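Numbered from 1 within each chain, the chains take letters A, B, ... in sequence-line order. Remember, it's a predicted structure, so these values are computed and weren't measured experimentally.
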2 protein chains.
Amino acid sequence: MPLSSELQNLVVHFGEMGSRWGFNRTVGQVLALIVFNESPLCADDIADALKISRGNVSMSIKELASWQLIRTHREMGDRKDYYLANGTIWQLGQQVLAERKKREVDPTMSLLRNQMMSSSNSELSEHAQKQIKEIHDLLELFTHWFDDVQSMKPEHLQALMKLGSGVGRILEIAGKFSRK
Amino acid sequence: MPLSSELQNLVVHFGEMGSRWGFNRTVGQVLALIVFNESPLCADDIADALKISRGNVSMSIKELASWQLIRTHREMGDRKDYYLANGTIWQLGQQVLAERKKREVDPTMSLLRNQMMSSSNSELSEHAQKQIKEIHDLLELFTHWFDDVQSMKPEHLQALMKLGSGVGRILEIAGKFSRK
DNA sequence: CTGAAGTTTCAGTAATTTCTGAAAGTTAAG
DNA sequence: CTTAACTTTCAGAAATTACTGAAACTTCAG
């Protein structure tokens with residue numbers, strides 16, 4: 001059966017955003033379909049709803065699984081795999097960020113670290129060396145901060161974010177506690 | 001003249017990462033070239049160093065300008081445009097994040113807001129409505145937090161991030177100040 | 001073991017994105 | 001105004017990425 005036009009809108013939008021979020025159109029659409037359906041969907045439901053090939057569904061599912069955004073559910077007495085969102089929206093968001101950091105930040109961090117340690121680094125201009133160090137330090141700072149934040153309980157993180165512009169004022173207070 | 005092999009490495013890497021960071025390979029390479037060169041480069045320098053067409057340089061420059069990552073410098077008595085990084089590494093980083101938020105978060109926020117206000121929203125399942133609200137609220141929280149953080153002075157933001165895992169402890173103290 | 005019900009793989013094709021280079025546009029000196 | 005120096009645009013070509021569908025594979029009931 002076809003999607004309701006309201007759901008259709010969402011699915012199309014997630015498809016368009018897909019490539020900006022690090023996957024492709026179809027993967028984005030499959031994700032939307034799964035997230036907005038409470039009951040798990042099987043591969044044929046998905047192929048059917050999105051009018052795509054069975055093979056493409058398999059690829060997209062594999063991709064979403066590699067991002068840990070979906071998980072498989074099996075009914076007894078039924079050989080089909082059924083797919084469903086792997087957690088709350090908050091958890092899915094965390095998962096996307098973690099995966100993107102891994103793909104977008106980590107490789108550069110590691111290249112820059114190697115570059116700085118390499119003896120041939122001195123062949124670069126002073127300016128280039130300085131820029132490398134600054135990018136490296138920025139990414140490292142981000143990485144540590146990100147790891148800390150990932151390990152916080154969602155409600156604490158949420159509360160912290162809600163402080164909003166208060167965060168500036170708190171900084172001064174915090175200073176007293178962070179000094180060794 | 002060709003690039004030193006060390007600089008070459010960096011340029012190639014920024015090219016590979018380019019598409020993950022929201023632009024394309026060439027744009028990434030041009031950015032690297034400009035960031036690691038202290039002296040401004042003209043379009044021909046770039047075409048030459050990267051072995052790409054003049055037209056492609058023009059497109060890439062335009063793209064980087066739209067991200068506000070580079071700016072133009074003109075020598076008197078010379079009609080050429082020379083390009084240069086538009087600020088410190090920290091500023092470039094902020095700029096990239098701001099632009100990506102605009103492209104990756106804002107459109108979805110706005111779609112979801114409209115969806116929730118639309119009278120036809122009730123045609124969706126309870127579950128879908130709940131998920132929409134959760135995504136919307138998460139993005140809104142993120143947006144407010146992001147705006148606050150963007151407005152902080154770099155050194156304050158840096159200090160805050162450095163607190164690292166201390167951020168959890170501070171939360172309790174902060175609680176006392178955020179209550180009305 | 002057999003075969004039905006399902007999933008995955010992958011070679012070829014389709015769609016999309018990026019790049020080139022020539023033509024059109026712009027700017028300013030003379 | 002004319003021309004040289006430079007930049008931008010854009011149609012078509014090239015490169016890349018995504019999709020299909022048929023074949024191979026897996027799993028399990030009988």
Atom-pair distance ([atom1] on [X]; [atom2] on [N]), nearest Å:
| X | N | atom1 | atom2 | result |
| --- | --- | --- | --- | --- |
| B:Ile46 | C:dC19 | CD1 | P | 14 Å |
| A:Asp44 | C:dT8 | CG | P | 12 Å |
| A:Asn56 | C:dT9 | CG | C1' | 13 Å |
| B:Tyr83 | D:dC6 | OH | P | 12 Å |
| B:Ile52 | D:dT8 | CD1 | C1' | 15 Å |

Establish, from distance only, whether the side-chain atoms of B:Gln68 and B:Asn86 form a donor-acceptor pair under 3.5 Å.
->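 No, because no side-chain N or O of B:Gln68 sits under 3.5 Å from a partner of the opposite role on B:Asn86.
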Any residue meeting salt bridge (charged side-chain N to carboxylate O under 4.0 Å, His left out) with B:Lys101, in chain and number order, not counting sequence neighbours |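 Salt bridge (charged side-chain N to carboxylate O under 4.0 Å, His left out) list for B:Lys101, sorted by chain: B:Asp106.
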Kindly write out the residues that satisfy salt bridge (charged side-chain N to carboxylate O under 4.0 Å, His left out) with B:Lys51, not counting sequence neighbours, or none if the list is empty.
->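 Here no residue qualifies.
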Residues from residues 12-32 of chain A sitting under 4.0 Å of DNA chain D, heavy atoms only?
->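 Within residues 12-32 of chain A, the residues near DNA chain D are A:Asn24, A:Thr26.
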B:Ser53: side chain to side chain contact (heavy atoms under 4.5 Å, CB included) partners, not counting sequence neighbours |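 Listed in chain order: B:Asn56.
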side-chain N/O B:Arg54 vs D:dT7 OP1/OP2, d < 4.0 Å =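 Indeed, a polar side-chain atom of B:Arg54 lies that close.
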If each of A:Gly55 and B:Gly55 is mapped to the nucleotide of DNA chain C with the nearest heavy atom, which maps nearer the 5' terminus, i.e. the 5' end?
->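 Upstream on the strand: A:Gly55.
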Donor-acceptor pairs under 3.5 angstrom involving side-chain atoms of residues 32-47 of chain B: please list them, not counting sequence neighbours.
{"from": "B:Asn37", "atom 1": "ND2", "to": "B:Leu33", "atom 2": "O", "distance (Å)": "2.9"}
{"from": "B:Asp44", "atom 1": "OD1", "to": "B:Arg54", "atom 2": "NE", "distance (Å)": "3.3"}
{"from": "B:Asp45", "atom 1": "OD2", "to": "B:Cys42", "atom 2": "N", "distance (Å)": "3.0"}

Any chance you could measure A:Gln95, atom CD, to A:Leu64, atom CG, to the nearest 0.5 Å?
->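 That separation rounds to 11.5 Å.
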Can you tell me how far NE2 of B:His13 sits from CG of A:Leu111, rounded to the nearest 0.5 angstrom?
->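 With rounding to 0.5 Å, CG (A:Leu111) is 5.0 Å from NE2 (B:His13).
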Report the relative orientation of the aromatic rings in A:Phe142 and A:Trp145; use parallel for angles under 30°, tilted for 30 to 60°, perpendicular for over 60°.
->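 The arrangement is tilted - the two ring planes meet at 30° to 60°.
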Between residues 59-82 of chain B and DNA chain C, which residues have a heavy-atom gap below 4.0 Å?
->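 Going residue by residue through residues 59-82 of chain B, the ones with a heavy atom under 4.0 Å of DNA chain C turn out to be B:Arg79.
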